[in-house]
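To start, the structure itself, in structure tokens.
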There are 2 protein chains.
Amino acid sequence: MSDEAPLAFARHDHSHCAADTLARAEAEAARLGLRLTPVRRRVLEILLEAHRAMGAYEVLDRLAAEGFGNQPPVAYRALEFLVENGLAHRLRRLNAFAACMHPGEDHAPVFLICRVCDAVAEAPGAPVRAALDHAAADLGFAVERVNIEAVGLCPVCARGEAA
Amino acid sequence: MSDEAPLAFARHDHSHCAADTLARAEAEAARLGLRLTPVRRRVLEILLEAHRAMGAYEVLDRLAAEGFGNQPPVAYRALEFLVENGLAHRLRRLNAFAACMHPGEDHAPVFLICRVCDAVAEAPGAPVRAALDHAAADLGFAVERVNIEAVGLCPVCARGEAA
DNA sequence: ACATGGGCGTTACCTTATAACAATTCGCTT
DNA sequence: AAGCGAATTGTTATAAGGTAACGCCCATGT
């Protein structure tokens with residue numbers, strides 16, 4: 001796992017984007033009546049601040065350093081809660097987690113993972129999801145949850161490779 | 001992992017489908033100039049016979065029982081080879097592998113995983129893939145490899161739940 | 001024959017993830 | 001405000017998944 005890969009390919013004002021997303025996540029949690037306990041909230045903050053995909057154990061290290069429990073279940077439970085409630089995503093290809101950048105928006109995210117710099121972008125995937133639902137319906141299969149992860153070259157690294 | 005979940009939802013003549021697929025896989029391997037060694041071939045057969053997603057260690061157990069090496073790398077290398085060359089697929093959501101049912105067809109598979117019976121179907125995903133490529137292109141991202149995995153209810157289990 | 005490279009077997013180890021239980025806290029009812 | 005059930009957290013222990021690295025062997029071509 002690279003140490004400082006940006007979450008989106010575009011430049012952006014990171015302090016704002018993290019704070020804004022946290023605020024929206026909190027609003028969403030309130031709306032759903034979720035208990036955003038200290039551990040859960042802190043895990044979400046950690047993911048937002050890092051702004052990249054993090055392994056559960058990496059998150060755990062930070063929690064432990066801040067006085068929370070230092071055993072795997074502590075991290076896994078908080079992460080599972082966040083994923084379950086749409087405040088974070090799980091990237092199975094990376095065995096990692098990332099904060100959701102659009103909490104509450106009922107989006108169907110598609111993840112674009114750069115094989116060179118490990119950056120992860122959350123792309124809008126409504127059309128993809130629609131196509132998927134259609135393909136599944138043809139087989140009588142009712143889709144409930146989806147993971148769509150693409151590995152390839154991000155625009156930044158593509159320029160590098162072309163050289 | 002359930003013990004005997006069918007790969008496709010539809011009934012089918014399994015002995016034929018496994019043998020046919022193996023034949024097609026062999027033709028494809030020949031066409032590509034691949035070395036389908038005993039271990040690799042046997043792993044593919046195991047996956048085809050089981051006709052479901054299997055964990056690497058499960059495959060390894062069978063290999064070991066047949067006199068092949070009994071250490072993880074033996075299974076992982078063969079599985080990686082098969083995946084790399086389009087003769088098998090990796091299901092990240094299940095930490096498992098399944099034989100490709102359409103070797104050489106240049107398909108863009110979408111995997112439908114039933115959350116009740118663990119059956120896995122390989123659905124045609126060309127339209128899904130097209131939508132994905134489009135979404136990625138909007139961000140300047142060049143897709144190379146894709147995992148599309150949907151969890152839900154297969155038609156058989158859906159009838160069961162409705163009852 | 002002999003060099004070469006790929007594949008295989010093995011050792012050793014690392015990372016990721018979960019089951020199960022005890023202790024605590026929360027939110028609600030009485 | 002006391003008390004109760006449910007949810008949450010911390011902890012122990014262990015399961016499950018995966019890989020690096022080395023040496024041997026065997027096929028292949030010279």
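Predicted model only: the values in this text are computed from it and were never measured. All chains are named by letter (A, B, ...) in the order of the sequence lines, taking the proteins before the strands, and each is independently numbered beginning at 1.
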Next on the checklist: With nearest nucleotide decided by heavy atoms, which residue, A/Val74 or B/Gln71, maps closer to the 5′ end of DNA chain D?
Outcome noted: A/Val74
Item to check | Closest-nucleotide ordering on DNA chain C, the 5'-leading residue of B/Tyr57 and B/Thr37 | outcome: B/Thr37
Checklist entry - Closer to the 5' end of DNA chain D via nearest nucleotide, is it B/Pro72 or B/Arg35? => result B/Pro72
Checklist entry - Given atom CZ of B/Phe68 and atom P of C/dC8, what is their separation to the nearest angstrom? => result 9 Å
Checklist entry - Taking the side chain of B/Asn95 as heavy atoms from C-beta outward, which of C/dA17, D/dG17, D/dT11 is closest to it? => result D/dG17
Checklist entry - Atom CG of A/Asn85 and atom C1' of D/dT8: how far apart are they, to the nearest Å? => result 14 Å
Next on the checklist: So for B/Arg92 and D/dG17, does any side-chain atom that can act as donor or acceptor lie under 3.5 Å from a complementary atom in the base?
Outcome noted: no
Checklist entry - What is the distance from CD of B/Glu58 to P of D/dG17, rounded to the nearest Å? => result 9 Å
Checklist entry - Which part of the nucleic acid, if any, lies within contact of B/Arg93, taking any heavy atom under 4.0 Å across all strands shown: a base, the sugar-phosphate backbone alone, or nothing? => result nothing
Checklist outcome for this item: Ranking D/dG10, C/dT10, D/dT8 by distance to the side chain of B/Asn70, first place goes to C/dT10
Next on the checklist: I need the minimum non-hydrogen distance between B/Pro109 and B/His89, along with the two atoms involved.
Outcome noted: CG-CE1, 3.6 Å
Item to check | Cation-aromatic face contact B/Arg40/B/Phe81, 6.0 Å, 45 degrees | outcome: yes
Checklist entry - Among D/dG17, C/dA17, C/dC8, which is the nearest nucleotide to the side chain of B/Val39? => result C/dC8
Next on the checklist: Can you measure A/Leu60 atom CG to C/dT18 atom C1' for me and round it to whole angstrom units?
Outcome noted: 14 Å
Checklist entry - Reckon A/Arg77 touches a base, only the sugar-phosphate, or nothing at all at heavy-atom distances under 4.0 Å? => result base
Checklist outcome for this item: A/Glu84 atom CD is separated from D/dT8 atom P, nearest whole Å, by 12 Å
Checklist entry - What nucleotide among C/dT18, D/dG18, D/dA21 has an atom nearest to a side-chain atom of A/Pro73? => result C/dT18
Checklist entry - By centroid distance (under 5.5 Å) and plane angle (under 30°), are B/Tyr76 and D/dT19 in a stacked arrangement? => result no
Next on the checklist: Please report the distance, rounded to the nearest Å, between CD in A/Glu66 and P in D/dG10.
Outcome noted: 12 Å
Checklist outcome for this item: Closest heavy-atom pair, A/Val146 versus B/Arg93, reported as atoms and distance to 0.1 Å, is C-NH1, 4.2 Å
Checklist entry - Thinking salt bridges, do B/Arg52 and B/Glu58 make one under a 4.0 Å N-O criterion? => result yes
Checklist entry - With sugar-phosphate meaning primed atoms plus P, OP1 and OP2, does B/Arg42 contact a base, only sugar-phosphate, or nothing at under 4.0 Å between heavy atoms? => result nothing
Checklist entry - Do A/Glu45 and A/Arg42 pass the salt bridge (charged side-chain N to carboxylate O under 4.0 Å, His left out) test, and can you show the C-alpha distance, the side-chain angles, and the key distance before you say yes or no? => result CA-CA 5 Å; A/Glu45 287 173 7; A/Arg42 188 65 195 120; 2.7 Å; yes
Item to check | Rounded interatomic separation in angstrom, taking CG from A/Leu36 and P from D/dT8 | outcome: 11 Å
